[in-house]
Amino acid sequence: IKNYFFTNLFSLDKLNLSHNRILSIQKESFANLTGLTKLDLSMNFIFRLENGLFDNLKKLKLLILNDNVIKKLDMNVFNYQDSLNFFQIASNHIENFHLSSKYFPNLTHLDLSFNNNLRYLYVENSENIAHLNLNSNKNLDPKSYTNKTGRLKFAYLSSISNDFLIKLGNNSFGNLRELDLSDNILMNFKPIILFFNRFNNYLKKLILKNTHLNFYLNYSFNFLALDE
């Protein structure tokens with residue numbers, strides 16, 4: 001997509017560019033779309049995001065980059081994104097991700113699922129995050145998760161390492177409503193008990209599909225549903 005490809009569309013609110021085989025987007029491609037609130041770039045072949053690409057999108061609330069081939073992500077591309085609430089970048093090749101209020105001051109929903117190369121997830125000053133999806137990221141380094149997400153309500157953590165689960169369990173999840181731990185090996189029960197010790201009456205749904213649980217369940221949990 002070339003610079004200033006979209007002109008005289010100042011009232012445009014939503015733009016869907018998915019399934020277009022896009023390879024690259026020049027820095028000023030969206031410069032005139034100052035009213036945009038939703039941008040869908042999923043199902044393309046985008047491998048890089050230019051710094052400044054989203055600078056003029058001051059009203060952007062939802063950004064979808066699922067199913068591309070992005071490997072290295074310079075977080076400075078997200079400077080000035082004060083309005084962004086929902087960010088989906090699942091099914092890419094991301095190696096490192098820095099979740100910080102510096103880049104995402106009002107982000108509430110983050111989907112990083114199915115980034116099989118994701119190893120380092122740095123989290124700091126991100127108290128607004130309510131929905132976090134890390135499904136199928138088996139290479140996450142537990143040392144990379146460095147801070148608490150105190151307002152987290154929905155955590156999707158299927159098919160990740162026990163070591164990373166233990167690190168997450170050491171954080172405060174007192175507001176958690178829903179937790180998915182499917183497809184993790186929980187035979188010794190250690191990772192999950194760390195979560196349970198921090199739960200309160202807010203938790204409504206717990207999913208433990210295919211977790212190889214092998215223990216005598218002598219705890220009484222006050223959940224509305226274990227599965228749907």
Could you grab the distance from atom [atom1] of [X] to atom [atom2] of [Y], nearest 0.5 Å is fine?
X	Y	atom1	atom2	answer
R48	I70	CZ	CD1	11.5 Å
M75	S100	CE	OG	8.5 Å
L39	L53	CG	CG	8.0 Å
L60	L33	CG	CG	10.5 Å
K2	E28	NZ	CD	14.5 Å
Y156	S136	OH	OG	14.5 Å

Just checking F78 against F87, ring centres under 6.0 Å apart?
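Centroid separation for F78 and F87: below 6.0 Å.
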Looking at the rings of F97 and Y122, which for Trp means the six-membered one, are their centres under 6.0 Å apart?
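No - the distance between ring centres of F97 and Y122 does not fall below the 6.0 Å cut-off.
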Might you point out which heavy atoms bring [X] and [Y] nearest each other, and give the distance in Å?
X	Y	result
S159	K138	OG-CE, 2.8 Å
F164	P142	CD1-CA, 3.7 Å
L132	L152	CB-CD1, 3.7 Å
H93	N115	N-OD1, 3.5 Å
S18	N44	CA-ND2, 3.9 Å
F104	H98	CE1-O, 4.1 Å

Would N210 and D183 satisfy side chain to side chain donor-acceptor pair (under 3.5 Å), going step by step from the backbone distance to the final call?
CA-CA 5 Å; N210 192 33; D183 301 308; 2.8 Å; yes
Under 4.0 Å between a side-chain nitrogen and a carboxylate oxygen: does that hold for E178 and K153?
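No.
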Any donor-acceptor pair under 3.5 Å from [X] side chain to [Y] backbone:
X	Y	answer
T37	D13	yes
S83	K58	yes
S113	A90	no

Side chain to side chain contact (heavy atoms under 4.5 Å, CB included) between I46 and L41: does it pass, once the steps are laid out?
CA-CA 9 Å; I46 300 168; L41 295 166; 4.0 Å; yes
Check for me, please, whether [X] and [Y] land in the same ILVMFWY cluster - side-chain distances under 4.5 Å, paths through other members count.
X	Y	result
V69	I25	no
L63	M43	no
L12	I22	yes
L17	F5	yes
L73	F114	no

Would you sort out whether L176 and F154 count as a side chain to side chain contact (heavy atoms under 4.5 Å, CB included), showing the intermediate values?
CA-CA 6 Å; L176 208 62; F154 301 87; 5.9 Å; no
Walk me through whether L112 and L121 qualify under side chain to side chain contact (heavy atoms under 4.5 Å, CB included).
CA-CA 10 Å; L112 278 166; L121 172 62; 3.9 Å; yes
N66 vs Q88, side chain to side chain donor-acceptor pair (under 3.5 Å): CA-CA, chis, key distance, verdict:
CA-CA 6 Å; N66 296 342; Q88 300 176 14; 3.1 Å; yes
One pair to check against side chain to side chain donor-acceptor pair (under 3.5 Å): N135 and S158. What are the steps and the verdict?
CA-CA 5 Å; N135 287 347; S158 68; 3.0 Å; yes
Lys/Arg cation over aromatic F45: R21, 6.0 Å, 45° cone
no
Apply side chain to side chain donor-acceptor pair (under 3.5 Å) to N116 and N137, showing your working.
CA-CA 5 Å; N116 293 325; N137 287 304; over 6 Å; no
Criterion side chain to side chain contact (heavy atoms under 4.5 Å, CB included) on I64 and D111, from CA distance to verdict
CA-CA 9 Å; I64 305 175; D111 186 353; over 6 Å; no
Going by atom types only, do N32 and N8 share a side-chain donor-acceptor pair under 3.5 Å?
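There is no such pair between these side chains.
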How about L107 and L99: do any of their side-chain heavy atoms sit closer than 4.5 Å?
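Yes, close enough: below the 4.5 Å cut-off.
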Decide yes or no for L84 and N106: does some side-chain heavy atom of the first lie under 4.5 Å from some side-chain heavy atom of the second?
no
